[in-house]
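Written out below as structure tokens is the structure these notes cover.
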Amino acid sequence: MRKIFNYSVVICAGLSSSLLRAQDAGAADAANRLDASNRQMLWLAFSLYMAVLGIYLLWSESRLRRLEKSARP
Amino acid sequence: MLRRFDRLLILLTVLGLLALGVLIFRYAPQEELMGEIQRIFYVHASAGMASLLLFGISGIIAGIFLFTRSPKLDRAGRACIESGFVFASLVLVTGPVWAKQAWGAWWTGEPRLTTFLILWLIYAGYLVFRAASHSAREPLTGAIIALLAGVDLPLIYLAPHWWNRNHPDPVKMEYHPEIRHVFLAGITVTLLLAAAITRLAYRRMALEELYAKDI
């Protein structure tokens, strides 16, 4: 279950990126869409968010695994 | 093995995160003044709220711990601080990206930014202390640090009112209905995530106390 939790963060990051790229594709023919700089920065912010969360969860997961391993007789 | 409640919580969090991603990028309208960059707000503001809530709870727990000296309370306080620190870090990585677009600078000496960075540094110090210390008085010292650190929490709220500020006003929920819906969804999912992270941290800390801390 914890693995699902961790992998889901990666999936969410991928989903966010693909949704943003889908918007990028639509932006080419829509003059009122935001400028490229804003989109890139938005992508950067969500990537950083997922990266921080992912690093913490992977660290926590590996520490928990080591503890469970040492707990076994 | 995880308990049934933990499994349910993790499942709800995962589904919530997926739904929130779709809501932020598909349902929420583009904000007129700031444009697309405003979408950061859904995760930035809710992460800020979650971190302040968790730090506040840890302060209350630390206060009770001083009277009871219960190891479970010490562990719960530590778990809240670790989880709060993760959300505070999320605030500090997403905020500058918004600031760069809105203010033209990654970081300024704005009061809320400064007080929040001080808060992050205090709790970083707390976590380093708890990880490094092997003293029998470690839980007591930790509780005192957590209580003192709590003093910075109201400062974060009050700082923009006391000094000149650029940071957007506190959330008043007077937004376009769709923006409000997504923001409320963001808060809900972030709180679910906070609960899941805190429970996993608590469980890990229980194992750390049973087995070697330095593994």
Side-chain angles (χ1 to χ4, degrees), chain A residues 1-27 30 32-73, chain B residues 1-2 6-11 13-22 24-26 30-31 34-44 47 82-83 85-87 89-102 193 196-197 200-201 203-208 210-213 215:
Chain A
M1 204 67 186
R2 285 196 307 271
K3 274 184 187 171
I4 295 170
F5 189 42
N6 294 343
Y7 290 138
S8 70
V9 173
V10 180
I11 291 166
C12 283
L15 187 73
S16 305
S17 309
S18 56
L19 281 166
L20 273 171
R21 280 176 189 159
Q23 285 198 330
D24 280 358
N32 58 348
R33 289 290 175 102
L34 97 155
D35 59 291
S37 168
N38 259 3
R39 284 197 305 274
Q40 281 173 358
M41 293 301 264
L42 189 60
W43 185 85
L44 175 68
F46 278 90
S47 302
L48 285 171
Y49 184 95
M50 292 302 176
V52 170
L53 203 52
I55 287 167
Y56 169 76
L57 289 172
L58 288 172
W59 170 81
S60 181
E61 167 76 19
S62 70
R63 188 156 175 80
L64 196 53
R65 197 171 291 174
R66 267 180 289 166
L67 282 161
E68 283 174 345
K69 204 174 171 182
S70 71
R72 281 188 212 118
Chain B
M1 288 293 286
L2 291 172
D6 290 327
R7 285 164 190 258
L8 183 68
L9 186 63
I10 289 172
L11 186 68
T13 309
V14 170
L15 293 175
L17 278 170
L18 287 167
L20 183 64
V22 174
I24 288 174
F25 294 111
R26 285 293 182 208
Q30 184 176 318
E31 204 267 337
M34 286 186 275
E36 292 284 316
I37 200 70
Q38 178 269 341
R39 292 183 201 277
I40 290 175
F41 154 85
Y42 300 115
V43 289
H44 173 78
E82 186 177 299
S83 178
F85 184 76
V86 172
F87 285 99
S89 304
L90 293 175
V91 171
L92 286 178
V93 296
T94 52
V97 179
W98 177 87
K100 177 67 179 163
Q101 292 304 96
L193 184 63
I197 287 179
L200 288 178
R203 182 178 139 72
R204 198 192 69 240
M205 285 166 189
L207 280 173
E208 280 172 350
L210 279 175
Y211 304 100
K213 193 179 179 181
I215 289 172

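From a predicted model like this one, the values you see are computed outputs, not experimental measurements.
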Note, B/Leu210 side chain near A/Leu67 side chain (heavy atom, < 4.5 Å): no
Closest heavy-atom pair and its distance - A/Leu48, B/Val93: CD1-O, 3.7 Å
Separation of A/Leu53 CG from B/Phe87 CZ (nearest 0.5 Å): 6.5 Å
Distance (rounded to the nearest 0.5 Å) between B/Arg203 CZ and A/Leu64 CG: 5.5 Å
Closest approach of B/Arg204 to A/Tyr56 (non-hydrogen atoms, all atoms of both residues): NH1-OH, 3.9 Å
Point-to-point distance, once rounded to the nearest 0.5 Å, from CG of A/Asn38 to CD of B/Glu36: 7.5 Å
Shortest non-hydrogen contact from B/Thr94 toward A/Ala45: CG2-O, 3.8 Å
Inter-residue atom distance A/Leu42.CG - B/Ile24.CD1, 0.5 Å rounding: 9.0 Å
Euclidean distance, B/Gln101 CD relative to A/Arg39 CZ, rounded to 0.5 Å: 11.5 Å
Interface residue of largest heavy-atom contact number with chain A, from B/Leu20, B/Val91, B/Val86, under 4.5 Å: B/Val86
Closest non-hydrogen atom pair between B/Val97 and A/Met41, with its separation: CG1-O, 3.0 Å
Part of A/Tyr49 within contact of chain B (heavy atom distance under 4.5 Å): both
